[in-house]
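Data first, discussion second: the structure below is written as structure tokens.
This chain uses plain numbering: 1 for the first residue, then up along the sequence.
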Amino acid sequence: MTMQRTKAILGVIWISCGVSAVLMIAALSTSGGGKCRRQRWWGSSMRGSLTLTIMFGVFVVCWTPFFLHLIIIMVCPMNPYCECYRSLFQLHVVLLMSHALIDPAIYAFRSAELRHTFRKMLLCSDWNWCS
């Protein structure tokens with residue numbers, strides 16, 4: 001694949017995303033339901049955006065040290081100054097694997113329904129569950 005073809009494909013993707021976003025904004029503004037419906041949609045989309053931002057931030061925090069470790073291995077494989085950072089490899093792997101545990105927890109605690117269910121389970125507020 002050439003660089004020119006790659007740029008063309010990326011351009012088509014960006015343009016199609018932009019066009020679909022404009023068409024969706026236009027469809028929402030002309031659709032019925034009034035201000036209340038748009039505010040509900042805006043609130044839920046903002047909540048989803050915040051969840052996605054948190055997920056991306058956790059991904060960067062968990063995976064960056066491991067990728068930095070790989071880059072250091074490639075750049076200075078025999079340099080003693082890099083040995084200090086390379087000695088943290090096991091910590092980086094643990095951080096990388098903990099990402100698999102953190103993601104479901106973020107999804108669970110960002111959902112109001114799941115938070116309510118966990119609260120009921122932990123506090124036994126519903127007596128049917130405790131008996």
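Between atom CG of residue L70 and atom NE2 of residue H92 there is a gap of 10.0 Å, rounded to the nearest 0.5 Å. Here L114 contributes atom CG and R119 contributes atom CZ; the two are 11.5 Å apart, rounded to the nearest 0.5 Å. Atom OG in S111 sits 13.5 Å away from atom CD1 in I106 (nearest 0.5 Å).
L88 and F66 sit in two unconnected hydrophobic clusters of ILVMFWY residues. Membership requires side-chain heavy atoms under 4.5 Å apart, directly or through other members. Linking Ile, Leu, Val, Met, Phe, Trp and Tyr whenever their side-chain heavy atoms come within less than 4.5 Å leaves I54 and F109 in two separate clusters. The hydrophobic cluster containing V61 does not contain F89, counting ILVMFWY residues as joined when their side-chain heavy atoms lie under 4.5 angstrom apart, directly or transitively. L95 and L68 end up in different hydrophobic clusters when Ile, Leu, Val, Met, Phe, Trp and Tyr side chains are linked at under 4.5 Å. Both M97 and F67 belong to a single network of hydrophobic side chains, linked directly or stepwise wherever heavy atoms of I, L, V, M, F, W or Y lie under 4.5 Å apart.
Nearest approach of I102 to C62, heavy atoms of both residues: CD1-SG, 4.1 Å.
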Would you mind writing out the side-chain donor-acceptor pairs for residues 6-18 within the sub-3.5 Å range, not counting sequence neighbours?
unit_1: T6; atom_1: OG1; unit_2: T2; atom_2: O; d: 2.9
unit_1: S16; atom_1: OG; unit_2: V12; atom_2: O; d: 3.1
unit_1: S16; atom_1: OG; unit_2: I13; atom_2: O; d: 2.9

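Each of D103, L96, L101 was checked for a side-chain contact (heavy atoms from CB on, under 4.5 Å) with H99, and the lone residue meeting it is D103.
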